[in-house]
Amino acid sequence: MQIQASESILKIKRPSTKQFSETCKQFQPFIIEDVAQHWGACQNWSNDYLIKHCGDNMVPVRFYQKDFWSDHKNFANEDGYEPKKEIKLHEYINNHLEDRNLECYLSEAYFEERFPEIVGDVTYPEYLDRKAFVILWYGFSSTKFSSTTNLHFDPLHNIFAQIRGRKRILLYPPSNYLSFYPPLESPSGVGFNSKVNPDLLNLELFPKFPWQEKIEVILQPGEILYIPPFWWHHITAVDKNISLSFWYDLKIQDFFWQKKMLSVFFNIAPHYLSHTISAGKLSYFMEFFKSMFV
């Protein structure tokens, strides 16, 4: 089973639901233009606006130890991350974003729960026939640190909207699961994560990793990137930026609708199932499997 990375990424403007569906079923990432840029979020979400409407809201911020991204035991394992701290949004914006000695990231904030005052600034995409679970990310880039999401895949459809600033996204097609070096040997290893930091070339440790198969995207404000389920991706801030992830659960019909997704799943499932059993986390696999029948 082999899924090739395209040399360049397809871009489409204002797709209809039918056009989105036809493009989506190719099981390739693509960019949607001229949609999100018209949302109030893209037009209004300055720091002053966010502080005015949500400044006292508590938000989850992850703080990183020095050299966190140089050791896969940190970013590939569940216990490698320090617990997030709850602080007010205005404190994060005024103090933490401007402190170039801090390494932190407002990541995976449940949008509707944390920012109910500005939900109306976003027009939720209606390309898929199910409810979106929306996550907000607010990070930055400096000479010492760039907000980063480790190389991983999601067993979900991800419609990723760039609201402010830019992000660099590396995409890898899901060919051979084990060639991405998931941390299956560790009880705290996360089966969706890779031990590889694609910004640190290491052929000795990771000789089978598909270094040359990446699609590199600099996602611009107002652009939307569709990331298919099981596609590996690594995300890094280029500027101070805000993004929204619209996550959609899989349904069983998706495995037959999207080309090669079923074979991708069967390539991953035995290894991931074995890992969850040995780590005493079988419930993780069962929750994912049951979600496909919703």
Open item on the list: My understanding is that only residues two or more places apart in sequence, or in another chain, count here; which of them pass side-chain hydrogen bond (donor to acceptor under 3.5 Å, both in side chains) with E117?
Closed with: N57
May I have the list of side-chain donor-acceptor pairs in residues 17-25 shorter than 3.5 Å, sequence neighbours left out?
from: E22; atom 1: OE1; to: K25; atom 2: NZ; distance (Å): 3.3
from: T23; atom 1: OG1; to: Q19; atom 2: O; distance (Å): 2.8

Task: Chi angles and distances behind the side chain to side chain contact (heavy atoms under 4.5 Å, CB included) call for K259, Q26 - done: CA-CA 6 Å; K259 293 181 179 180; Q26 300 305 314; 3.2 Å; yes
Open item on the list: With rounding to the nearest 0.5 angstrom, report the CG to CD1 distance, L282 to I277.
Closed with: 5.5 Å
TODO: Please confirm whether the backbone N or O of W45 pairs with a side-chain atom of R164, one donor and one acceptor, at under 3.5 Å?
DONE: yes
Open item on the list: Holding to salt bridge (Lys or Arg N to Asp or Glu O under 4.0 Å), I want the full list of residues that pass it with E113, two or more places apart in sequence or in another chain.
Closed with: none
Open item on the list: Is there a side-chain contact between Y81 and V190 in this structure, where contact means two heavy atoms from C-beta onward sitting under 4.5 Å apart?
Closed with: no
Open item on the list: Testing the basics here: between K167 and S243, what is the closest heavy-atom pair and its distance to 0.1 Å?
Closed with: NZ-OG, 3.1 Å
Open item on the list: side chain to side chain contact (heavy atoms under 4.5 Å, CB included), that's the test. Do F160 and I169 meet it? Break it down for me.
Closed with: CA-CA 11 Å; F160 188 87; I169 303 177; 4.1 Å; yes
Open item on the list: Below 30° counts as parallel, above 60° as perpendicular, anything between as tilted: where do the rings of W247 and W137 land?
Closed with: perpendicular
Task: Sequence neighbours excluded - side chain to side chain donor-acceptor pair (under 3.5 Å) pairs with any residue from residues 85-96 - done: E86-R114
Task: Validation row: F111, S245 side chains within 4.5 angstrom (heavy atoms) - done: no
- [ ] Measure the OG-NZ distance between S186 and K195 for me, rounded to the nearest 0.5 Å.
- [x] 9.0 Å
Task: Sequence neighbours excluded, every pair satisfying side chain to side chain donor-acceptor pair (under 3.5 Å) that has a member inside residues 63-72 - done: Q65-N74
Open item on the list: Pairing donors with acceptors under 3.5 angstrom, does anything connect the side chains of S146 and T148?
Closed with: no
Task: Where I215 and P29 come nearest, the two heavy atoms and their spacing - done: CD1-CG, 4.1 Å
Open item on the list: Within this structure, what is the CG-CZ distance for the pair N197 and F68, rounded to the nearest 0.5 Å?
Closed with: 10.5 Å
Open item on the list: Would you say that L151 contacts F75 through its side chain, given a criterion of any heavy-atom pair below 4.5 Å between the two side chains?
Closed with: no
Task: Co-membership, hydrophobic cluster, residues Y105 and M58, 4.5 Å side-chain - done: no
- [ ] Taking all non-hydrogen atoms of both residues into account, name the closest pair between P182 and G191 and its distance.
- [x] CB-O, 4.0 Å
Open item on the list: Please enumerate all residues that pass side chain to side chain contact (heavy atoms under 4.5 Å, CB included) together with E126, with sequence neighbours excluded.
Closed with: none
Task: pair K214-H234: side-chain heavy atoms closer than 4.5 Å - done: no
TODO: Would you mind reporting whether P174 and F27 have side-chain heavy atoms less than 4.5 Å apart?
DONE: yes
Open item on the list: Please find the pair of heavy atoms, one from I159 and one from P125, that lie closest to each other, and give the distance.
Closed with: CG2-CG, 4.1 Å
Open item on the list: Show, in sequence, the C-alpha distance, side-chain angles and deciding distance for L89 and L106, and conclude whether the side chain to side chain contact (heavy atoms under 4.5 Å, CB included) test is met.
Closed with: CA-CA 9 Å; L89 178 63; L106 196 175; 3.9 Å; yes
TODO: Find out if a path of hydrophobic residues (ILVMFWY) with successive side-chain heavy-atom gaps under 4.5 Å connects M261 to W257.
DONE: yes
Task: From D239 atom CG to N241 atom CG, the distance as rounded to the nearest 0.5 Å - done: 7.0 Å
Task: Rounded distance (nearest 0.5 Å) linking atom CG of L170 with atom OG1 of T149 - done: 11.5 Å
- [ ] Sequence neighbours left out, what passes ring-ring contact (aromatic ring centres under 6.0 Å, His included) with F153? Give chain and number order.
- [x] F192, F230, W232
Task: CA sep, side-chain torsions, deciding dist, call: V122, F115, side chain to side chain contact (heavy atoms under 4.5 Å, CB included) - done: CA-CA 11 Å; V122 176; F115 305 97; over 6 Å; no
TODO: Sequence neighbours left out, what passes salt bridge (Lys or Arg N to Asp or Glu O under 4.0 Å) with E78? Give chain and number order.
DONE: K281
Open item on the list: Checking ring-ring contact (aromatic ring centres under 6.0 Å, His included) between F30 and each of Y226, W231, Y127, which is the one that passes?
Closed with: Y226
- [ ] First locate atom CZ of R168, then atom CG of L219, and finally report the distance between them rounded to the nearest 0.5 Å.
- [x] 13.0 Å
Task: Heavy atoms of other groups near Y110 OH, more than 12 under 6.0 Å - done: no
Open item on the list: Are the side chains of Q162 and Q220 in contact, using a 4.5 Å heavy-atom criterion?
Closed with: no
Open item on the list: Test of understanding: with side chain to side chain contact (heavy atoms under 4.5 Å, CB included), list the residues that count as partners of E33, not counting sequence neighbours.
Closed with: K11, K13, I31, E223
Task: CZ/F133: more than 12 non-hydrogen atoms of other groups inside 6.0 Å - done: yes
- [ ] Give a yes or no on whether the ring-centroid distance for F209 and F180 is below 6.0 angstrom.
- [x] yes
Task: Exam field: side chain K84 to backbone S107, donor-acceptor pair closer than 3.5 Å - done: yes
Task: Within-4.5 Å side-chain heavy-atom neighbours: N47 and K240 - done: yes
Task: Donor-acceptor contact below 3.5 Å, side chain W39 vs main chain I163 - done: no
Which side-chain N or O atoms in residues 48-56 pair as donor and acceptor under 3.5 Å with protein atoms at least two apart or in another chain?
from: Y49; atom 1: OH; to: D121; atom 2: OD1; distance (Å): 3.4
from: Y49; atom 1: OH; to: D121; atom 2: OD2; distance (Å): 2.8

Task: Exam field: side chain T276 to backbone L273, donor-acceptor pair closer than 3.5 Å - done: yes
Open item on the list: Going by side-chain hydrogen bond (donor to acceptor under 3.5 Å, both in side chains), name the residues that satisfy it together with E103, two or more places apart in sequence or in a different chain.
Closed with: none
Task: Side-chain heavy atoms of L225 within contact of H233, under 4.5 Å - done: no
Task: For E112, all residues meeting salt bridge (Lys or Arg N to Asp or Glu O under 4.0 Å), sequence neighbours excluded - done: K131
Open item on the list: If you compare all heavy atoms of F140 against all heavy atoms of C104, which two are closest, and at what distance to 0.1 Å?
Closed with: CE2-O, 3.3 Å
Open item on the list: On a heavy-atom basis, which atom in G222 and which in C42 lie closest, and how many Å separate them?
Closed with: CA-SG, 4.0 Å
